[in-house]
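To keep things clear, I will list the structure first and then write my remarks on it.
As the structure is a prediction and not an experimental result, all values here were calculated from the model.
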Amino acid sequence: MEAVKKEVIFDETGTYKYSLLCKWSEVNERKLTFILSFPENTYEYSDDTAVSKCIELAQKWGFGVLEIVYLFSYQTDHVSFLRMLSKEEAVGTRTGEYIQKAVEDAELVVVAWGDHGSIYNRQEEVERFLKHKPVYCFGKTKQQFPRHILSVVHRTELQKYEVPANREESEEVSSFIEDIDQSFGGEDYSPIKQLTEEEPLMFIEDIASMYR
C-alpha cells in the first residue's frame, strides 16, 4: 500500500476545516466520501480516530481516494462547544460548497455523523445535497440519525440511507456488507470487488447483490 497523501482545506484563519482529501494510489481514482459531524482539533496532517477509521475502511473497500467533509466545519474537541456558537459560526461559510463538491464526484457516500445532526437541524439541511446519490450509513440511532463513525464496532452492516418521511418511524434498509471488523484493522472485512475501468461508476447495486 502506498503512503497516504493528504490535502487539507482550511479557512484563512485555520479555524474551520472544510475538507480532508486522502489519496494512496496513482492509478485508482475511485472515490469514497464520508460526511462526519465535526473535525477535532489536530495538527494539519494528523489524524483523529474518526479519520483513521475512514481511511482504513476506504482502503479495505478498494477505493483509491477518500474525502471527508463535515456538518460543522468548526474545529473543536467538544461537541458541546458547537451549541455555544451561533449556527453560522458552527457551520462555516463554505461548508455547504465543499459538501456538495465531495458528494458530486464520489462513487460511494457514507454518512456517519450521529445524533450531532440534530444541532441546528443540520441533518435536514445536508440531506438536500444527497437526493441524487446512492448514500449509505452504518444503521441509525434511536433518534433516526446515521450512527456516528466512532460508535461503529463489531460486525456492523452498511445500509442504504434514505431520508425518512417521519423521523419517529423506522425504515427498512438494504444491507450489503456482512462483516466489518471490530477494530477496523482485521482481515475479516467482507470483500468488495475491485472494478475494472470498463465497469460503470455507479456500482452499488451490483455489490449489494453479492450479499443477498
Any side-chain heavy atom of K17 sitting closer than 4.5 Å to one from V8?
yes
Between H148 (side chain only) and L150 (backbone N and O only), is there a donor and an acceptor less than 3.5 Å apart?
yes
Within the 4.5 Å heavy-atom criterion, are R147 and C137 side-chain neighbours or not?
no
Nearest-0.5 Å distance that lies between atom CD1 in I9 and atom NZ in K101:
7.5 Å
For residues I119 and F72, determine if any side-chain heavy atom of one lies less than 4.5 Å from a side-chain heavy atom of the other.
yes
Might you work through the side chain to side chain contact (heavy atoms under 4.5 Å, CB included) test for T33 and V110, ending with a clear yes or no?
CA-CA 6 Å; T33 288; V110 177; over 6 Å; no
Salt-bridge contact K31-E107 (side-chain N to carboxylate O under 4.0 Å)
no
Pair V4, Q59 - check side chain to side chain contact (heavy atoms under 4.5 Å, CB included), show working.
CA-CA 10 Å; V4 178; Q59 292 175 335; 3.7 Å; yes
Do the non-hydrogen side-chain atoms of P146 and F138 ever get within less than 4.5 Å of each other?
no
Do D11 side-chain atoms and G14 backbone N/O form a donor-acceptor pair below 3.5 Å?
yes
Between the side chain of K6 and the main-chain N/O of L20, is any donor-acceptor distance below 3.5 Å?
no
Inspect the contact between E127 and R122 and indicate whether a charged nitrogen and a carboxylate oxygen are less than 4.0 angstrom apart.
no
In Å, rounded to the nearest 0.5 Å, how long is the span from CD1 of I55 to NZ of K60?
14.0 Å
Over all heavy atoms of both residues, which pair between L36 and C54 is shortest? Give the atoms and the distance, please.
CD1-SG, 4.0 Å
Pair E97 + R94, salt bridge at N-O below 4.0 Å
yes
With a 4.5 Å heavy-atom cut-off, do F34 and E67 have their side chains touching?
no
Do S151 and T141 make a side-chain contact, defined as non-hydrogen atoms from C-beta onward lying under 4.5 Å apart?
no
Rounded to the nearest 0.5 Å, how far apart are CD of E56 and CH2 of W61?
11.0 Å
Any side-chain to backbone donor/acceptor pair from T95 onto V91? Under 3.5 Å, distance only.
yes
When you group the ILVMFWY residues by side-chain heavy-atom contacts below 4.5 Å and let the links chain together, are W24 and L21 in the same group?
no
Side-chain touch V135/V111, heavy atoms, less than 4.5 angstrom
yes
Nearest-0.5 Å distance, CD of residue E7 to OG of residue S19
7.0 Å
With rounding to the nearest 0.5 Å, note down the distance linking CZ in F129 to CD in Q100.
5.5 Å
If only atom types and distance count, is the side chain of S37 paired as donor or acceptor with the main-chain N or O of H116 below 3.5 Å?
no
Within-4.5 Å side-chain heavy-atom neighbours: E26 and K5
yes
Separation between CG of D115 and NZ of K140, rounded to the nearest 0.5 Å
12.0 Å
Hydrophobic cluster identity match, V152 and F63, side-chain contacts under 4.5 Å
yes
Please check this pair: side chain of N28 against backbone of G62, looking for a donor-acceptor N/O pair closer than 3.5 Å.
yes
Could you see if V65 belongs to whatever hydrophobic cluster contains Y70? Use Ile, Leu, Val, Met, Phe, Trp, Tyr and a side-chain cutoff under 4.5 Å.
no
Centroid separation under 6.0 Å, is that true for the rings of Y74 and Y16?
yes
Quick check: closest heavy atoms across W113 and Q123, and the distance to 0.1 Å?
NE1-OE1, 2.7 Å
Ring centres of Y18 and Y98 under 6.0 Å apart?
yes
